[in-house]
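Scope of the values below: all heavy atoms of this structure, side chains included, with no hydrogens, waters or symmetry mates. Whatever order the structure lists ligands and atoms in, that order sets their numbers, starting from 1. Being a predicted model, the structure only gives us computed values, none of them experimental.
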Amino acid sequence: MDALISQSVQLSTWVDLEKMARTPSSSLRFTQRCRGQQRLPKRLQPKRAAAWYRPVSLKISCSSENYPASVLESGSLPASFDQAVILKNKADEIEPYLDGRCIFLVGMMGSGKTTVGRILSEVLGYSFFDSDKLIEQGVGGTAVAEIFKLYGESFFRDNETEVLRKLSSMHRLVVSTGGGAVVRPINWRYMNKGISVWLDVPLEALARRITAVGTDSRPLLHNESGDAYTKTFRRLSTLWEERSEAYTKAITTVSLENIAAKLGDEDVCDITPTAIAIEALVQIESFVKK
Ligand SMILES: Nc1ncnc2c1ncn2[C@@H]1O[C@H](COP(=O)(O)OP(=O)(O)OP(=O)(O)O)[C@@H](O)[C@H]1O
Ligand SMILES: O=C(O)C1=C[C@@H](O)[C@@H](O)[C@H](O)C1
């Protein structure tokens, strides 16, 4: 036990968070889906994810600076409209209301916390942290799957709580949390010092994304049988039953089904990370302006 304790995260020594947080993400790039992409049968679609979106130059886009950022709320977003402009306008509009509060993204594994979190940090001029990565650094660069194997899940969870505690005392961060961070009530005390945002993605879409990138780095998906999609979907369903209620403790929710309905998309997998980031800002706005 002593050995375990001595290996637990010493945040003050393993990473200078304060210093890193003073350096906001530098590359300001925005993304947009390639609309011309050929449709494949659903089960073959996951590989689209990585190539889905292309960078959009903000300089070119900014000509339509005063376009109403509430366009997504009204559900009237034209398919070809430059989402990067809407995103940037919305970020500029709400940033002063945040008062430097951190944004904690929660959601099942594969829900896009890292992808969307990076976009949000860039447009808000915040720093981005991935709590899984911080835990790995704290355990000498050991991968999450290895930490589970060597020391067990509760060791991992203790370190996760410590990381969240530390991050919650800081400002101007966007944090991508681990999929299971919602389970411990104490973590909510830390995350809700800032603004928590639940990315609510249907299980089928999660299973497709995760199958596309593989389950090696996700220890909780290792013990199922069957083909990759089926076992991922099955395990996600069990985790969902255990956790769905916990996710509702988030201060705000971004539902991909709601976005799909607003945009007229029939498939949640067609929603770009940029559109999800816009909706996150819209939801955060309704909380901070309350
Ligand atoms: N809107 C999206 N559409 C399609 N694919 C996406 C979208 N958002 C993320 N992805 C893809 O899904 C996978 C998981 O995304 P990401 O790593 O951002 O999720 P996460 O919630 O941080 O996952 P984890 O909790 O397991 O670390 C990645 O391959 C990413 O490219
Ligand atoms: O859903 C979960 O419990 C996890 C998700 C990952 O982000 C990691 O935090 C870890 O693999 C556990």
Side-chain angles (χ1 to χ4, degrees), residues 31-34 37 42 45-53 83 104-121 128-136 138-139 142-149 151-161 163-164 174-184 187 197-223 232 235-244 246-247 254-257 259-260 263 265 267-280:
T31 56
Q32 183 174 305
R33 173 169 46 131
C34 293
Q37 184 148 0
K42 272 194 173 179
Q45 282 178 11
K47 287 202 166 59
R48 287 187 310 154
W52 262 26
Y53 39 89
Q83 295 177 346
F104 288 88
L105 295 174
V106 301
M108 294 280 282
M109 57 182 90
S111 58
K113 300 179 294 288
T114 305
T115 308
V116 175
R118 283 191 187 284
I119 295 173
L120 288 174
S121 70
F128 174 80
F129 285 105
D130 178 329
S131 67
D132 284 344
K133 292 274 175 301
L134 294 176
I135 296 164
E136 290 178 343
V139 189
T142 314
V144 168
E146 203 59 15
I147 297 175
F148 268 68
K149 208 153 74 184
Y151 310 116
E153 181 170 352
S154 64
F155 172 81
F156 175 85
R157 297 288 170 212
D158 289 346
N159 284 311
E160 185 170 55
T161 297
V163 163
L164 293 173
V174 175
V175 180
S176 166
T177 66
V182 296
V183 167
R184 283 194 172 180
N187 294 347
V197 179
W198 171 29
L199 298 185
D200 182 12
V201 181
L203 294 188
E204 194 208 28
L206 292 179
R208 280 200 249 164
R209 288 181 191 174
I210 291 172
T211 310
V213 292
T215 57
D216 288 356
S217 63
R218 296 177 164 91
L220 293 178
L221 298 180
H222 288 173
N223 299 324
T232 303
R235 185 67 179 121
L236 285 174
S237 303
T238 310
L239 287 173
W240 174 248
E241 273 172 34
E242 291 164 11
R243 293 177 180 172
S244 54
Y247 287 119
V254 171
S255 156
L256 262 63
E257 280 175 344
I259 303 175
L263 297 177
D265 275 347
D267 187 342
V268 292
C269 292
D270 284 344
I271 303 171
T272 64
T274 306
I276 297 166
I278 294 169
E279 177 70 359

* To do: Drop me the distance from R118's CZ to T115's OG1, to the nearest 0.5 angstrom.
  => 8.5 Å
* For atom 12 (O) of ligand 1, the option (of R209, M109, M108) bearing the nearest heavy atom -> R209
* From atom 31 (O) of ligand 1, work out which of V106, V201, T115, L256 has a heavy atom at the shortest distance. => T115
* Could you walk me through whether V268 and E204 pass the side chain to side chain contact (heavy atoms under 4.5 Å, CB included) check? -> CA-CA 10 Å; V268 292; E204 194 208 28; over 6 Å; no
* Which residues share a side-chain hydrogen bond (donor to acceptor under 3.5 Å, both in side chains) with D158, sequence neighbours left out -> R184
* Proximity to ligand 2 by part of R243, non-hydrogen separation under 4.0 Å -> side chain
* Partners of T142 by side-chain hydrogen bond (donor to acceptor under 3.5 Å, both in side chains), sequence neighbours excluded? -> none
* In terms of atom number and element, which parts of ligand 1 are under 4.0 angstrom from non-hydrogen atoms of I276? -> 1 (N)
* side chain to side chain contact (heavy atoms under 4.5 Å, CB included) evaluation trace for F156 with D132 -> CA-CA 9 Å; F156 175 85; D132 284 344; 3.5 Å; yes
* To do: Show your working on side chain to side chain contact (heavy atoms under 4.5 Å, CB included) between L263 and D270 and close with a plain yes or no.
  => CA-CA 10 Å; L263 297 177; D270 284 344; over 6 Å; no
* For ligand 2, which atoms have a heavy atom of G178 less than 4.0 angstrom away? -> 7 (O), 9 (O)
* Asked: Would one find an N or O of D132, backbone or side chain, under 3.5 Å from an N or O of ligand 1?
  -> no
* **Atoms of ligand 2 close to G180 [distance to a heavy atom under 4.0 angstrom, numbered from 1]** => 1 (O), 2 (C), 3 (O), 4 (C)
* To do: Could you say whether the N/O atoms of I271 and ligand 1 ever approach to under 3.5 Å?
  => yes
* Structure fact -> Rounded to the nearest 0.5 Å, the OG1 atom of T272 sits from the CD1 atom of I119 at a distance of 7.5 Å
* To do: Answer with yes or no whether R157 contacts ligand 2, where contact means a heavy atom under 4.0 Å from a ligand atom.
  => yes
* Asked: At a 4.0 Å threshold, what atoms of ligand 2 neighbour a non-hydrogen atom of V144?
  -> 10 (C), 11 (O)
* **Rounded distance [0.5 Å steps], CZ in R157 versus CG in N187** => 8.5 Å
* Is the closest side-chain heavy-atom distance between L236 and M109 below 4.5 Å? -> yes
* **Enumerated ligand 2 atoms positioned under 4.0 Å from heavy atoms of M109** => 1 (O), 2 (C)
* Would you say G110 and ligand 1 have an N/O pair spaced under 3.5 Å apart? -> yes
* Structure fact -> For D132, the atoms of ligand 2 under 4.0 Å from one of its heavy atoms are 6 (C), 7 (O), 8 (C), 9 (O)
* **Whether S111 lies under 4.0 Å from ligand 1, heavy atom** => yes
